[in-house]
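Comments concern the structure below.
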Amino acid sequence: IWDWMETYQERIKGQLRSLGASCDWSRYVFTMDPGPAHAVRVAFKHLYDKGLIYRGERIISWCPRCMTALSDLEVVHEDEQSFLWRLRYPLADGTGAIEVETTRPETMLGDTGVAVHPDDARYKQLVGKEVILPILGRRIPIVTDEIVDPEFGSGAVKVTPAHDPNDFEIGRRANLPAITVMNFDGTMNAEAGPFAGQAIEEARANVVKRLEADGALVGTEPYTHSVGHCDRCGSVIEPMISKQWFVNMQPLAKPAIEAARDGCIRFIPERFTGVYLNWMENVHDWCISRQLWWGHRIPIWYCDACGEVSATDQEALTACAACGSAEILQDPDVLDTWFSSGLWTFSTLGWPEKTPDLERFYPGHVLETGYDIIFLWVARMIFLGIEFLGEPPFKDVYLHGTVRDASGQRMSKTKGNVLDPTIITAEYGTDALRFALITASGPGNDLKMSTDRVVEARNFANKLFNATKFSLNAIAGAEIRRDESGAAAMPDGAALAVADAWVITRLHETIAEVTRQLDAYQLHEAGRSLYEFIWSEFCDWYIEAAKVRLYADEPDPAVPQTLAYVLERTLRLLHPFMPFVTEELWQQLPHPGEALIVAAWPETGETFTAQAEGFQAIMEAVRLIRNARAEQGVETARRIPAIVYPGASSDAYGSLRSELVSLARLDGDGLELRDGEPQAQEESVSIVSGSASIFLPLAGMIDVDAARARITREIELAEGEIDRANGMLANEQFVARAPANVVDGHRSKLAAATDRKALLQARLADLG
RNA sequence: GGGCGGUUAGCUCAGCUGGUUAGAGCGCUACGUUGACAUCGUAGAGGUCACUGGUUCGAGUCCAGUACCGCCCACCA
């Protein structure tokens, strides 16, 4: 171990030196920053002086391998198949025997009593008598205790105060001695008589054998019970009596409970409030001393001369505070790492000094962490924060789920299923990993992590990069107007083309939506909203539509202005999700201030409903034309003519004529916009899009059956809508009770579907 | 023993206060390199929202119960 430690220490020393840190190896404490170490001593001393930290001989959880005490939270219970042994303890007066049951026969060597329920009639006359402990022959009393369940087994229980928390309590109440029969290394000690020196497991088998031989074993039956294991090494935990340092939790828990009850602290998702409260309300005193070689050392000194025990906030005491003797020794134990971690919210800010940092940053607003450390860390930060600063360290606790591997297994180093973030980020980028993690699941829900998800996010970053590249190209030759902050100004409303007005409308809606989602801690939904807007709207539609005016003989200056405006605002929105890419790209664009990371959150703005609807009409027409082209097997590269009767959408078709040509790959010269009622066209495929009827003359290559099938299918869909809407509107209850906008929605839907059906039927008739 | 979560497309998951025909990515099918991007584009297939009952004009969404999966807490001798 020492060899290993030296190698390990040398390695860490090297790393720390390169960071400019110093280490004090004489005290086996790494000291990265003396501030927190000092804060830990101050905190300990404060609690000690207040009587909230005490040293006591108690039954604690002990790991025989790590050779240290553990807190309740470091013990993991697992169900294990074992046996329930029934033992017979003869009465000392020879008048009979009492039977007890146990899953730990070896602990009978430490039995100092037998307990029954005070109301158990079967044992009334036995209470106060003594039994002879088999093997050792010790005389031990029969006592009563409320905790004993008369229904379980024989209703009598052997009491081993030194090796069972329940028995410890029974023993304390009944004044039974505690006889420790095990050593701290997991072997039996001299009190175990003939079994001294044996390992616990070995002793168990031998005790059973011996009891059987002595006729004291009455029965054995298979039994499943929960066994505590060391969280760190997996060894079976032994309850042992030992002198340890504890925090008295009751006084600290009270205000921490109130803080969550009265809403000072809010958990997201809310259900974890109950989890927190349940733990806090039932919390046991906290064992904080550890017999480990790393950690903050307990700042307690013992005087050899006068026996004084004193806590200090100094790094070292040179003389006893009471008698002045120099013969003093520091407690060799260190603190539970969560004790110092619990002080984190203020020890990192210079506490106990009243520093400007502490003033400014305590309390914080939100803590973001995993739900698996609510007790270990969150709860402790809360009650320690309240104790030392008078108020909780944060208001909102946002909890994410556990990150699992692709098959749902919890990641662990021993299983080897951990995705190493340094490898992932090297391959896909930090932003990709971050975005993948944020959007993978909702608050408090576990997520299965695989590289597929990171690839998706990486592709998104790539998409954004390329969209910006395109935009920069467009902006390069243009003069971008800026607003007073220095950001690209909102394009002049009067000069806006329909496509510009549409994307600006969608941007402003997205700003409002993402802001709302972030305020509600729906981070994953906010991320998805941005993904949708950037990829499916800005890239797929706006950029494609913008190319027409950008590559025209006289480029429209509204395009670069719109690109600059939309992209700059969008990058601000996306920055929390992908900080590095967005910062880099933002720096290339006209922007206000020094850096995106300190830029203001964008504000929403004007929406242009009419233009947005116009553009959406064109989007639908484009989709339908593309669909018909695919259906008719028209090669992508081939430009085809079109005859359009726009109906009510004539404005949109007029102003977006070039965009329609470009996006649907039409033959520009062959596009005719006509007024009036749509007339059947020879050798054409027909489409009904909104109020528009579109004919694609495809002489000689029409698949009439496919065209007819499509129109028939669409008529059926329209009829479905008509039936549904009619059904709803015929329902008096619905019309009377549903909100007006919902009812109106169905009315306009019915009207649109009716018109659509008529137009479709006309086109079907054309086909003969 | 107590408490909590999940069950939606082949896979991984969204679906916020109940309101058009339930969405995304991956995968799948067919086409495709047009001057941001093949880490891409276009079109398409794919779901009785676990089950049963209830509330409601209306339920993936609210309530009750059932089944299965998972998690947390607990002094199960």
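Just so it is clear, the structure is predicted and the values come from calculations on it, not from any experiment.
- Between the CG atom of Asp452(A) and the C1' atom of rC13(B) there is a distance of 13 Å, rounded to whole Å.
- In terms of phosphate contacts, His77(A) brings no side-chain nitrogen or oxygen within less than 4.0 Å of OP1 or OP2 of rC76(B).
- Remark: rG47(B) base-pairs with no nucleotide in the shown strands. Criterion, Watson-Crick or G-U wobble with two distances under 3.5 Å.
- Atom CG of Asp149(A) is separated from atom P of rC76(B) by 11 Å (rounded to the nearest Å).
- The side chain of Lys749(A) lies closest to rU20(B), out of rU20(B), rA43(B), rC37(B).
- The nearest heavy atom of RNA chain B to Glu631(A) and to Asn473(A) marks one nucleotide each, and the one closer to the 5' end goes with Asn473(A).
- Taking the centre of each ring, Phe272(A) and Tyr371(A) come in below the 6.0 Å mark.
- Counting non-hydrogen atoms under 4.0 angstrom, Thr103(A) reaches the backbone sugars and phosphates but no base.
- Between the side chain of Arg516(A) and the base of rC16(B), a donor-acceptor pair under 3.5 Å is found.
- When the nucleotides rC71(B), rA77(B), rC13(B) are ranked by their closest atom to the side chain of Lys448(A), rC13(B) comes out on top.
- The same atom, C1', is picked in rG47(B) and in rC62(B); the two are 23 Å apart, to the nearest Å.
- Nearest to the side chain of Arg665(A), among rU34(B), rU39(B), rA24(B), sits rU34(B).
- In this structure, Trp535(A) reaches the sugar-phosphate backbone alone: every heavy-atom distance under 4.0 Å involves primed, P, OP1 or OP2 atoms, never a base.
- Within a 6.0 Å sphere centred on CZ of Arg549(A), other residues, nucleotides and ligands contribute more than 12 heavy atoms.
- Contact annotation: Lys158(A) side-chain N/O to rA77(B) OP1/OP2 distance is not under 4.0 Å.
- Residue side chain Tyr551(A) meets the stacking definition with respect to rG35(B): its ring centre sits within less than 5.5 angstrom of the base's six-membered ring centre, and the planes differ by less than 30 degrees.
- Rounded to the nearest 0.5 angstrom, Glu106(A) CD and Trp85(A) CH2 are separated by 8.0 Å.
- Residue Lys469(A) is in sugar-phosphate contact alone, with no base atom involved, counting any heavy-atom pair closer than 4.0 Å across all strands shown.
- Using a 4.0 Å heavy-atom criterion, one finds that Ile147(A) contacts the bases of the nucleic acid, with or without backbone contacts as well.
- The phosphate of rA24(B) (OP1 or OP2) has no side-chain N or O of Arg528(A) nearer than 4.0 angstrom.
- The interatomic distance linking Phe538(A) (CZ) with rA36(B) (P) rounds to 13 Å, in whole Å.
- Counted within 6.0 Å of CD on Glu78(A), heavy atoms from surrounding residues, nucleotides or ligands total more than 12; the atom is thus considered enclosed.
- Counting any heavy atom pair closer than 4.0 Å across all strands shown, Gly442(A) reaches sugar-phosphate atoms only and no base atom.
- Using a 4.0 Å heavy-atom distance criterion, Val148(A) is classed as a base contact.
- Between the side chain of Thr160(A) and the backbone N or O of Ala162(A) there is no donor-acceptor pair closer than 3.5 Å.
- Side-chain nitrogen and oxygen atoms of Asn627(A) include at least one within less than 4.0 Å of the OP1 or OP2 phosphate oxygen of rG44(B).
- Distance, Glu169(A) CD to rA77(B) P: 15 Å, rounded to whole Å.
- The shortest distance between the side-chain N/O atoms of His524(A) and the OP1/OP2 oxygens of rC16(B) is not below 4.0 Å.
- Among the nucleotides rU39(B), rA77(B), rA24(B), the one closest to the side chain of Arg458(A) is rU39(B).
- Judged by centroid separation below 5.5 Å and plane tilt below 30°, Phe152(A) stacks onto the base of rA77(B).
- Remark: rU39(B) base-pairs with no nucleotide in the shown strands. Criterion, Watson-Crick or G-U wobble with two distances under 3.5 Å.
- Comparing rC76(B), rU42(B), rC26(B) against the side chain of Asp540(A) picks out rU42(B) as the nearest.
- For Asp79(A), the listed nucleotide lying nearest its side chain is rC76(B); candidates were rA36(B), rA77(B), rC76(B).
- Using a 4.0 Å cut-off, no side-chain N or O of Asn445(A) falls inside it from OP1 or OP2 of rG6(B).
- Here Phe375(A) lies in heavy-atom contact (under 4.0 Å) with sugar-phosphate atoms only.
- Look at rC76(B): it lacks any Watson-Crick or wobble partner with both distances under 3.5 angstrom.
- Within 4.0 Å (heavy atoms only), Ala738(A) reaches at least one base atom of the nucleic acid.
- At the heavy-atom level, Pro739(A) lies under 4.0 Å from base atoms of the strands shown.
- Ranked by how close their nearest RNA chain B nucleotide is to the 5' end, Phe465(A) and Asn731(A) are led by Phe465(A).
- For the side chain to side chain contact (heavy atoms under 4.5 Å, CB included) with Tyr123(A), the lone residue among Val114(A), Ile142(A), Val116(A), Val148(A) that qualifies is Val116(A).
- Under the Watson-Crick or G-U wobble criterion, with both distances below 3.5 Å, rA67(B) is paired with rU7(B).
- Nucleic acid contact for Lys547(A): base, since at least one base atom lies under 4.0 Å from a heavy atom of the residue.
- The nucleotide whose nearest atom lies closest to any side-chain atom of Thr636(A) is, among rU34(B), rU20(B), rC71(B), rU34(B).
- Residue contacts for Ala637(A): at a heavy-atom cut-off of 4.0 Å it reaches no nucleic acid atom on any strand shown.
- For the P atoms, the distance linking rU7(B) with rC13(B) amounts to 10 Å, nearest Å.
- Atom P of nucleotide rG41(B) and atom CD of Glu635(A) are separated by 23 Å, given to the nearest angstrom.
- In this entry rG60(B) has no Watson-Crick or G-U wobble partner, no candidate having both defining distances under 3.5 Å.
- The shortest non-hydrogen separation linking Val283(A) to Met249(A) is CG1-CB, 3.7 Å.
- Summarising the local packing, CZ of Phe375(A) is surrounded by more than 12 heavy atoms from other residues, nucleotides or ligands at distances under 6.0 Å.
- When both distances must be under 3.5 Å, the Watson-Crick or G-U wobble mate of rU17(B) does not exist.
- In this entry the distance linking OH of Tyr542(A) with P of rA36(B) reads 14 Å, nearest Å.
- Of the candidates rC72(B), rG25(B), rA77(B), the closest approach to any side-chain atom of Tyr531(A) belongs to rG25(B).
- Taking a pair to require two hydrogen-bonding distances under 3.5 Å in either a Watson-Crick or a G-U wobble arrangement, rA24(B) pairs with rU12(B).
- Residue Gln522(A) is classed as a base contact, given a heavy-atom separation below 4.0 Å to a base.
- Ring pair Phe538(A)/Tyr542(A) is parallel by interplanar angle, where below 30° counts as parallel and above 60° as perpendicular.
- Residue Glu544(A) places a side-chain atom within donor-acceptor reach of the base of rA36(B), judged by atom type and a 3.5 Å distance cut-off alone.
- Considering only side-chain atoms of Val742(A), the nucleotide from rG19(B), rA24(B), rU39(B) that sits closest is rG19(B).
- Between the P atom of rG15(B) and the CG atom of Leu523(A) lies a distance of 12 Å, rounded to the nearest Å.
- Regarding Met728(A), its CE atom lies at a distance of 8 Å from the C1' atom of rU20(B), rounded to whole Å.
- Taking CZ from Phe168(A) and CD1 from Ile241(A), the interatomic distance works out to 5.0 Å, rounded to the nearest 0.5 Å.
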